[in-house]
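All values derive from a computational prediction rather than experimental measurement.
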Amino acid sequence: MTSLQKRLFQLQDTKYRDFHSKLIPNIDKERVIGIRTPMLRQFAKEFWKKPEAEDFLAELPHDYYEENNLHMMLLAQEKDFQRCLEQIESFLPYIDNWATCDLPLPKCFAKHKEELLGHIRIWITSGETYTIRYGMGVLMRLYLDEDFRPEYPEWVAGVVSDEYYVNMMIAWYLATALARQWDTVIPYLEERRLSPWLHRKTIQKAVESYRITPEQKVYLRKLR
């Protein structure tokens, strides 16, 4: 066990581990330490300042789920866009669960949206479950307001996959996009452009959203 792993195990909460392991069923429970997110985030802020953080980011793959989360939390603090992008692309092949994939984005991404677009397109078309999901997540978080373009939902809806975590992300993206770009996205449901499962799941997630108006929810229910 490395010195970093020993420090992480000092933060272990076994009851939380038992609970959280059920939320990431594709990850062997033996690979989950059981650290609550606020504690790991605080650890990441402190660890980021230490010289060994650089070595940790270069040591792939990691053994534990929390090490992967720590990796993402460290990259979220990186201010140099090019360096951050290189680190993200090096790490994407090692992401193996939705929770790690969906952690907050690097802060520097918001300042380099135009430069990021080409990479997002590549991620979404990569064929790799969590790389696809990550790309869609970036598109959802950063490009649904003033930077939105009608082709972005096309990128997402155009992905055909049997992977549950890809399809859930597609539905999540479209449901979120409905709340912010209704006129552009509603035809996907009105014209039934999606698979039956995605159609139903998108409506379900949109109806559950507090961002969708009551009138919109009534209309969405009619499209089921």
Side-chain angles (χ1 to χ4, degrees), residues 1-14 16-17 19-21 23-24 26-124 126 128-143 165 169 172:
M1 184 177 292
T2 68
S3 60
L4 173 60
Q5 289 168 350
K6 290 177 181 177
R7 290 157 68 188
L8 292 176
F9 267 93
Q10 291 174 354
L11 304 175
Q12 184 181 50
D13 180 331
T14 54
Y16 178 74
R17 174 195 177 195
F19 162 76
H20 194 67
S21 294
L23 303 179
I24 43 173
N26 62 312
I27 302 299
D28 189 332
K29 188 176 178 179
E30 295 303 312
R31 291 186 53 225
V32 180
I33 298 172
I35 305 174
R36 294 180 183 274
T37 301
M39 293 187 68
L40 187 61
R41 188 169 285 121
Q42 182 59 40
F43 181 89
K45 288 181 180 179
E46 297 170 2
F47 187 64
W48 170 253
K49 304 170 186 176
K50 300 181 182 298
E52 57 261 42
E54 189 71 26
D55 294 333
F56 169 74
L57 290 173
E59 295 167 357
L60 292 168
H62 301 306
D63 296 324
Y64 292 98
Y65 162 73
E66 283 84 357
E67 288 182 289
N68 283 336
N69 287 357
L70 175 61
H71 195 119
M72 289 289 272
M73 290 174 183
L74 293 176
L75 293 184
Q77 300 179 69
E78 177 59 61
K79 295 180 180 179
D80 184 296
F81 172 71
Q82 197 57 48
R83 174 177 168 76
C84 182
L85 181 61
E86 291 171 1
Q87 294 271 19
I88 285 288
E89 296 206 311
S90 294
F91 186 56
L92 283 176
Y94 298 97
I95 297 178
D96 57 5
N97 69 90
W98 68 267
T100 301
C101 189
D102 296 351
L103 283 168
L105 300 178
K107 296 175 183 178
C108 63
F109 277 12
K111 298 179 180 180
H112 297 269
K113 293 180 184 178
E114 197 62 36
E115 299 162 76
L116 195 56
L117 275 173
H119 298 276
I120 293 172
R121 189 76 176 108
I122 292 171
W123 297 338
I124 289 175
S126 68
E128 300 297 325
T129 298
Y130 296 105
T131 300
I132 296 171
R133 185 178 174 102
Y134 186 80
M136 291 180 181
V138 177
L139 204 59
M140 180 178 72
R141 292 179 174 102
L142 297 182
Y143 300 85
Y165 291 108
M169 187 68 234
W172 183 14

Less than 4.5 Å apart, any side-chain heavy atom of [X] and any of [Y]?
X    : Y    : result
S21  : K29  : yes
T129 : I95  : no
M136 : M140 : no
R31  : N68  : yes

Inset, instruction - Please work out whether the ring planes of H71 and F56 are parallel, tilted or perpendicular, with thresholds of 30° and 60°. - result: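 Tilted: the ring planes of H71 and F56 meet at 30° to 60°.
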Inset, instruction - Could you tell me how the ring of F91 sits relative to the ring of Y94: parallel (under 30°), tilted (30 to 60°) or perpendicular (over 60°)? - result: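 Judged by the thresholds at 30° and 60°, the geometry between F91 and Y94 is parallel.
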Legend entry - R141 versus D102, closest heavy-atom pair with distance: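 Closest pair (atom of R141, atom of D102, distance): NH2-O, 2.9 Å.
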Inset, instruction - Taking all heavy atoms of L40 and all of L70, pick out the closest pair and write down the distance. - result: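 It is CD2-N, 4.1 Å.
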Inset, instruction - Return yes if a side-chain donor-acceptor contact under 3.5 Å exists between E78 and W48, otherwise no. - result: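 Checked: E78/W48 side chains show no N/O donor-acceptor pair below 3.5 Å.
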First locate atom [atom1] of [X], then atom [atom2] of [Y], and finally report the distance between them rounded to the nearest 0.5 Å.
X    : Y    : atom1 : atom2 : result
N69  : I33  : CG    : CD1   : 10.0 Å
F9   : L4   : CZ    : CG    : 11.0 Å
S126 : H119 : OG    : NE2   : 14.0 Å
F47  : L8   : CZ    : CG    : 8.0 Å

Inset, instruction - Considering only NZ, NE, NH1 and NH2 on the basic side and carboxylate oxygens on the acidic side, decide whether R133 and E128 come within less than 4.0 Å. - result: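 No, R133 and E128 are not salt-bridged.
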Inset, instruction - Output yes when R7 and E52 qualify as a salt bridge under the 4.0 Å nitrogen-oxygen rule, no when they do not. - result: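 Yes, this pair counts.
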Legend entry - F19, CZ atom: more than 12 neighbouring heavy atoms under 6.0 Å: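 Incorrect, the count does not exceed 12.
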Legend entry - K113, NZ: over 12 other non-hydrogen atoms inside 6.0 angstrom: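 Correct, the count exceeds 12.
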Inset, instruction - Would you please indicate if the ring centroids of H20 and Y65 are separated by under 6.0 Å? - result: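 For H20 and Y65, the ring centres are under 6.0 Å apart.
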